[in-house]
A.B. asks: 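Quick one: the structure is below, and I'll ask about it shortly.
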Amino acid sequence: MIDCGEGTQIQLRRNKIAFNKIKHIFISHLHGDHYYGLIGLISTLNLLGLKSDIHIYAPSEIKNLLQPQLDFIKGGMIVNLVFHPLNFKKPQQIYSDKRVEVISFPLKHSISTCGFLFRELPKQANIKKEMIGFYNIPIAGIKEIKNGADFVTPEGEVIPNEKLTNLPPKPVSYAFCTDTAFHEPIIEVIKDVDLLYHEATFLESMRDFAEKTLHSTTIDAAKMAKLANAKKLLIGHFSARYNDIKLFEKEARTVFANTEAVREGLTYKV
Ligand SMILES: [Zn+2]
Ligand SMILES: [Zn+2]
């Protein structure tokens, strides 16, 4: 989960997302709209009796902010919280498993803020099933072929790897950048990302105010997508003063055509 605003639990229920699937929570910064839902969510997970660890990647101060409320949780804490402080000086890998890695990187906002890049790791090649039978390939051989090896038959014939495998699906990536002003150092980190979520709090007509509050306009977000060579841009975090999010889409598309304004409850494919 990335950021945890006040309405998080309502949205999880509305969208039928199982609470017990949440094991890693990434908090971009400590403005209320990004973490005021966290203590409520932790309390619910605790009530559900979840015994697994919950990892929280956030500014280091979050522990002290939550602790006084955690001390009063009814029945004591069952859930084990593991805090991982974010680095606001440079990009850093903060999570990895066999399938994916997560990199945090500093943004430009009125308080310390990080964006997050979720990147699938290269996948193994798929071995063609019919080849296993045809060449009688043993299990040990399958593993080696998946890692790129050729196969040598008992007669000494070398079967090249390309003949035995299909190319693996291309790994995909997703970057989350909010809250932030236009910030060039981000480009290098998120270069060629498949899906970029970038805040666009204001329309371009409010550029001065956007700069003052260290937020972005639609054009900032679209420029970022263009310079980073993103495949698709999602914009959000719209100021409550606007009623029509189509205006955001329209303006951003003048710079980056493949832009969509996020709508609540929709799923977006990477
Ligand atoms: Zn903020
Ligand atoms: Zn915000």
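Read the numbers this way: they start at 1 and go in the same order the structure lists the ligands and their atoms. If you read the sequence from its start, that first residue is 1, and numbering goes on from there.
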A.B. asks: Any N/O/S atom, side chain or main chain, of His29 closer to the Zn ion (ligand 1) than 2.8 Å?
C.D. replies: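 Yes, since at least one N, O or S atom of His29 sits under 2.8 Å from the Zn ion (ligand 1).
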A.B. asks: For the aromatic rings, using the six-membered ring if either is Trp, is the centroid distance between His24 and His84 under 6.0 Å?
C.D. replies: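 That pair fails the under 6.0 Å test.
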A.B. asks: Which atom name does Asp33 have for its N/O/S atom nearest to the Zn ion (ligand 2)?
C.D. replies: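 Distance check against the Zn ion (ligand 2) picks out OD2 in Asp33.
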A.B. asks: Within a reach of under 6.0 Å around CZ of Arg263, are more than 12 heavy atoms found that belong to other residues, nucleotides or ligands?
C.D. replies: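 It does: Arg263 CZ has more than 12 such atoms within range.
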A.B. asks: Which atom, counting only N, O or S, brings Asp179 closest to the Zn ion (ligand 1)?
C.D. replies: OD2
A.B. asks: Is there a donor in the side chain of Thr180 and an acceptor in the side chain of His109, or the other way round, less than 3.5 Å apart?
C.D. replies: no
A.B. asks: Will you find, in the side chains of Asp220 and His198, an N or O donor that is under 3.5 Å from an N or O acceptor?
C.D. replies: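 Side chains of Asp220 and His198: no pair found under 3.5 Å.
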A.B. asks: Tell me whether the Zn ion (ligand 1) has His34 as a neighbour, meaning an N, O or S atom of it below 2.8 Å.
C.D. replies: no
A.B. asks: Restricting to N, O or S atoms, which atom of His31 is closest to the Zn ion (ligand 1)?
C.D. replies: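 Going through the N, O and S atoms of His31 one by one, ND1 ends up nearest to the Zn ion (ligand 1).
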A.B. asks: Can you tell me if an N/O/S atom from His237 lies under 2.8 Å from the Zn ion (ligand 2)?
C.D. replies: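 So His237 counts as coordinating the Zn ion (ligand 2), yes.
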A.B. asks: Taking the side chain from Asn46 and the backbone from Val79, do they hold a donor-acceptor pair closer than 3.5 Å?
C.D. replies: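 Judged by distance alone, yes, a pair lies under 3.5 Å.
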